[in-house]
4 protein chains.
Amino acid sequence: MKGAQKPRKEPRQARSRFLVETIVEAAARVFDAHGYDGATTNLVARVAGVSVGSVYQYFPNKDALVTALHERHVRHMLRILEEVDAAAGGASLRETTDLLVAKSLDVHRAEPRLQRLLHADLPTLEQQRALSAASRAVFDRSRQLLSRHRAEIAQPDLDLATYVVLRMFEELVHAAALDPPPGVEDEPLRRAISDAILGYLTLAAPGARAGSPTDRP
Amino acid sequence: MKGAQKPRKEPRQARSRFLVETIVEAAARVFDAHGYDGATTNLVARVAGVSVGSVYQYFPNKDALVTALHERHVRHMLRILEEVDAAAGGASLRETTDLLVAKSLDVHRAEPRLQRLLHADLPTLEQQRALSAASRAVFDRSRQLLSRHRAEIAQPDLDLATYVVLRMFEELVHAAALDPPPGVEDEPLRRAISDAILGYLTLAAPGARAGSPTDRP
Amino acid sequence: MKGAQKPRKEPRQARSRFLVETIVEAAARVFDAHGYDGATTNLVARVAGVSVGSVYQYFPNKDALVTALHERHVRHMLRILEEVDAAAGGASLRETTDLLVAKSLDVHRAEPRLQRLLHADLPTLEQQRALSAASRAVFDRSRQLLSRHRAEIAQPDLDLATYVVLRMFEELVHAAALDPPPGVEDEPLRRAISDAILGYLTLAAPGARAGSPTDRP
Amino acid sequence: MKGAQKPRKEPRQARSRFLVETIVEAAARVFDAHGYDGATTNLVARVAGVSVGSVYQYFPNKDALVTALHERHVRHMLRILEEVDAAAGGASLRETTDLLVAKSLDVHRAEPRLQRLLHADLPTLEQQRALSAASRAVFDRSRQLLSRHRAEIAQPDLDLATYVVLRMFEELVHAAALDPPPGVEDEPLRRAISDAILGYLTLAAPGARAGSPTDRP
DNA sequence: CATGAATGAGAGTTCATTCAT
DNA sequence: GATGAATGAACTCTCATTCAT
């Protein structure tokens with residue numbers, strides 16, 4: 001992979017926007033099915049039903065497709081955060097977390113290899129520039145959600161906590177989707193992910209382990 | 001990446017063993033510096049100070065190098081587990097975890113991109129066959145270490161707990177090494193990783209746990 | 001050599017057809033000059049004045065070029081058969097054979113090494129599948145020509161006779177073109193080839209072995 | 001056989017001769033099984049049970065193995081010519097030919113691909129120098145045999161006749177061994193080969209060509 | 001002499017990218 | 001804009017050959 005890349009031109013017209021969407025969806029299918037190396041730009045074009053030239057009209061190079069896929073994923077996650085936020089009026093942190101885990105698992109299970117690729121290869125790229133912008137939104141939204149449950153959270157630094165939670169969350173959902181532990185049912189698996197997040201957030205100061213903050217009404 | 005690959009021939013003599021080691025170390029440097037695609041077999045050979053032919057004498061193809069690097073990493077982690085186990089006579093789970101985090105961070109910081117590559121690309125490969133053998137050792141050793149602290153662990157299923165802990169551990173250490181949160185000192189960062197693991201393991205059961213229908217002994 | 005190979009795409013447009021022809025002609029020159037091993041795909045491309053990529057656009061691999069050259073040769077031979085057939089109204093078998101030998105010699109002398117390669121390497125390949133289709137046309141056309149002279153032919157099984165004649169014909173023409181006997185003029189050489197074919201076809205039934213069929217009182 | 005103890009000096013040569021033979025036989029197997037390209041010198045060495053270095057001790061390069069195989073074949077053919085000559089006291093040309101065809105077919109059927117390779121690739125090589133020496137012996141011996149049947153032969157130039165007969169013979173035997181016509185029994189096939197040779201040799205001078213006596217209705 | 005690890009030139013092939021149509 | 005034929009740099013991998021042991 002070379003360098004960070006934004007779409008070459010912003011699709012102004014409806015047709016263009018549709019074309020870009022078509023290409024991105026094709027890219028999602030192709031990258032999920034073949035991995036980064038196996039995914040050729042020509043194949044993406046063929047699957048999208050357009051010519052390679054058209055792909056390059058909107059994406060200056062192969063990595064730009066990956067960047068676009070990342071943004072697509074971020075949008076997806078933002079939507080989920082939105083939904084959960086909306087649906088959960090006075091829900092507890094546990095309930096909210098459970099819901100997020102369940103919804104995210106659905107997303108990752110739909111295209112596990114692509115998600116792994118996005119999670120893994122992107123930090124490698126010099127694209128962090130482009131990414132941090134998109135990722136920032138997820139970070140901010142997540143932090144906001146956590147701050148709403150500030151009372152239930154023992155960790156003092158909420159920025160750091162958000163960072164850690166996002167990492168754990170992504171990784172565990174990835175793992176559960178792509179490489180689940182053998183012989184474990186879905187429910188305990190989701191439960192374990194929630195536990196990991198909840199456990200971290202609610203961990204009392206060292207020594208005070210027994211009295212968890214969630215014990216309070 | 002193609003398929004799983006074992007070393008082509010087992011290095012029997014001292015000279016060969018040395019050569020293989022040289023090649024693997026060169027591969028580590030090259031993969032860490034250039035990523036999977038950027039790492040060419042010719043470059044690995046050049047860095048190792050041998051000819052391409054010699055690389056292919058011992059590794060049937062490029063992916064075999066990655067597999068070897070994975071095994072090298074696994075050996076590394078096993079050594080760390082061993083050391084921590086030996087050093088920690090009656091240490092608490094927290095102390096043991098802190099030590100593991102510190103030592104692992106050193107390993108990952110030495111070659112962060114390689115570690116990311118190993119963590120990310122390998123599950124993609126069909127090499128899980130070969131890998132599971134090597135990874136199993138880490139899993140078993142980790143589980144054994146956890147079981148020694150059984151009393152401090154609230155999670156009922158120790159296999160699942162080991163799976164989750166290993167994932168969290170690897171991911172958070174990777175992240176801390178490759179993409180640390182801005183403005184966070186090393187100490188709190190390490191602390192956060194330990195908290196995540198400890199929090200998950202020691203999470204007291206929610207008051208409603210007894211009623212959960214899936215919680216079978 | 002790997003496996004049988006048809007052209008990757010049928011050249012629909014005039015430009016493509018011209019390109020394919022150019023490549024095949026270049027391949028003919030290169031294979032004739034360097035043999036199978038010495039002929040590199042890059043050299044074929046260079047001689048054709050195109051890029052390697054263009055060669056692979058139409059021929060999936062090196063062997064596909066050989067297959068194409070075989071088909072080119074078959075077409076050539078068919079054309080000759082056609083011409084001879086057309087020109088020879090009531091010609092005798094001898095006259096027809098003489099003409100075929102003369103024309104074929106011209107073809108083989110133009111690129112003797114290529115002809116040898118086609119004659120020799122192809123049966124080795126698994127390409128007999130693809131070849132038999134093309135070769136069949138030559139066989140059928142030859143058989144048809146022979147059957148027109150049925151009265152002059154003593155061999156009972158015309159299929160077998162065609163098989164034998166084609167083999168002798170190809171081999172002797174090859175030999176005469178590539179490795180002629182020293183000190184023999186062209187005319188007696190051509191005559192000898194015709195004699196071989198005529199002699200076989202007109203050989204009287206066994207029992208008349210001692211003398212030629214014309215020995216009859 | 002290893003118990004035999006000859007003077008200490010002599011075995012060195014004997015051993016070398018044996019080694020050379022071993023290598024050549026291994027080469028025969030390998031070239032027959034894999035063709036020229038597929039036959040690697042390392043494989044030949046492995047099959048021979050010696051090291052590559054030993055192969056290169058006696059054969060300066062890969063083509064030297066082919067040359068040796070050609071000489072082996074020539075010796076084989078000479079032996080057959082010898083046998084036939086010895087066994088056939090007052091045999092007719094037909095009888096002699098039949099015997100030669102039968103014996104040669106056995107040889108070629110044992111390693112058809114190798115024979116094709118020798119027949120086909122060698123003229124291509126620059127080894128014609130070395131070959132003509134070896135081939136000359138076969139040529140001379142064949143000519144001698146033909147001259148013994150001078151009375152039965154109509155062709156005026158015996159050198160040319162020998163040349164033509166050898167070519168036809170080799171080609172037809174090759175073809176019969178490697179690529180026989182479908183649905184033809186062995187006997188008629190051998191018969192056809194003999195017919196081809198006999199027909200050529202005994203063909204009466206032109207002009208005497210009469211309507212074939214085997215004309216069918 | 002025998003060995004076989006080491007060599008490295010060079011081959012076939014792919015695929016991101018361009019640009020004339 | 002859209003197309004897709006054409007490009008060619010660059011990669012993985014092979015194998016004839018050498019030479020230190």
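Order of the sequence lines sets the chain letters (A, B, ...), proteins ahead of strands, with each chain counted from 1. Remember, it's a predicted structure, so these values are computed and weren't measured experimentally.
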When the distance from [atom1] of [X] to [atom2] of [N] is rounded to whole Å, what number comes out?
X: C:Y36; N: E:dA11; atom1: OH; atom2: P; result: 13 Å
X: D:D37; N: F:dA16; atom1: CG; atom2: C1'; result: 12 Å
X: C:K62; N: E:dT14; atom1: NZ; atom2: C1'; result: 17 Å
X: A:L43; N: E:dT17; atom1: CG; atom2: P; result: 15 Å
X: D:I23; N: E:dA2; atom1: CD1; atom2: C1'; result: 11 Å
X: C:H34; N: E:dG10; atom1: NE2; atom2: P; result: 13 Å
X: B:R46; N: F:dT12; atom1: CZ; atom2: C1'; result: 14 Å
X: A:L65; N: E:dC15; atom1: CG; atom2: P; result: 15 Å

(request) Please answer whether the main-chain N or O of D:Q115 pairs with a side-chain N or O of D:H119 as donor and acceptor at a distance below 3.5 Å. (result)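 Checked: no pair found.
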(request) Among the candidates F:dT17, E:dT17, E:dG12, find the nucleotide nearest to the side-chain atoms of D:N61. (result) F:dT17
(request) Starting from the 5' end of DNA chain F, give me the residue, B:A39 or D:T41, whose nearest nucleotide shows up first. (result) B:A39
(request) Report the C-alpha distance between A:E111 and A:L69 in whole Å, list the side-chain angles of each, state the deciding distance to 0.1 Å, and finish with yes or no for side chain to side chain contact (heavy atoms under 4.5 Å, CB included). (result) CA-CA 12 Å; A:E111 36 198 32; A:L69 286 172; over 6 Å; no
(message) If you compare all heavy atoms of B:S54 against all heavy atoms of B:I23, which two are closest, and at what distance to 0.1 Å?
(response)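 Result for this residue pair: O-CD1, 4.0 Å.
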(request) Identify the heavy atoms of C:A48 and C:T22 that sit nearest to each other, and give their distance. (result)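 Nearest pair, atom of C:A48 first, then C:T22: O-CG2, 3.4 Å.
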(request) Would you check if there is a donor-acceptor pair between the side chains of D:H70 and D:S135 at a distance under 3.5 Å? (result) yes
Please tell me if the side chains of [X] and [Y] come closer than 4.5 Å, counting only heavy atoms from C-beta onward.
X: C:T67; Y: C:E71; result: yes
X: A:Y56; Y: A:T41; result: yes
X: D:F31; Y: D:L118; result: no

(request) Note the angle between the end axes of the helix from E:dA2-F:dT21 to E:dT21-F:dA2, five pairs defining each, rounded to 10 degrees. (result)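 What I find for the helix from E:dA2-F:dT21 to E:dT21-F:dA2 is an axis angle of 0°.
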(request) With heavy atoms under 4.0 Å as the rule, sort B:N42 into base, sugar-phosphate or nothing. (result) base
(message) Under 4.0 Å, heavy atom to any atom of DNA chain F: which of residues 48-60 of chain D qualify?
(response) D:V52, D:Y56
(message) Please enumerate all residues that pass salt bridge (charged side-chain N to carboxylate O under 4.0 Å, His left out) together with C:R29, with sequence neighbours excluded.
(response) none
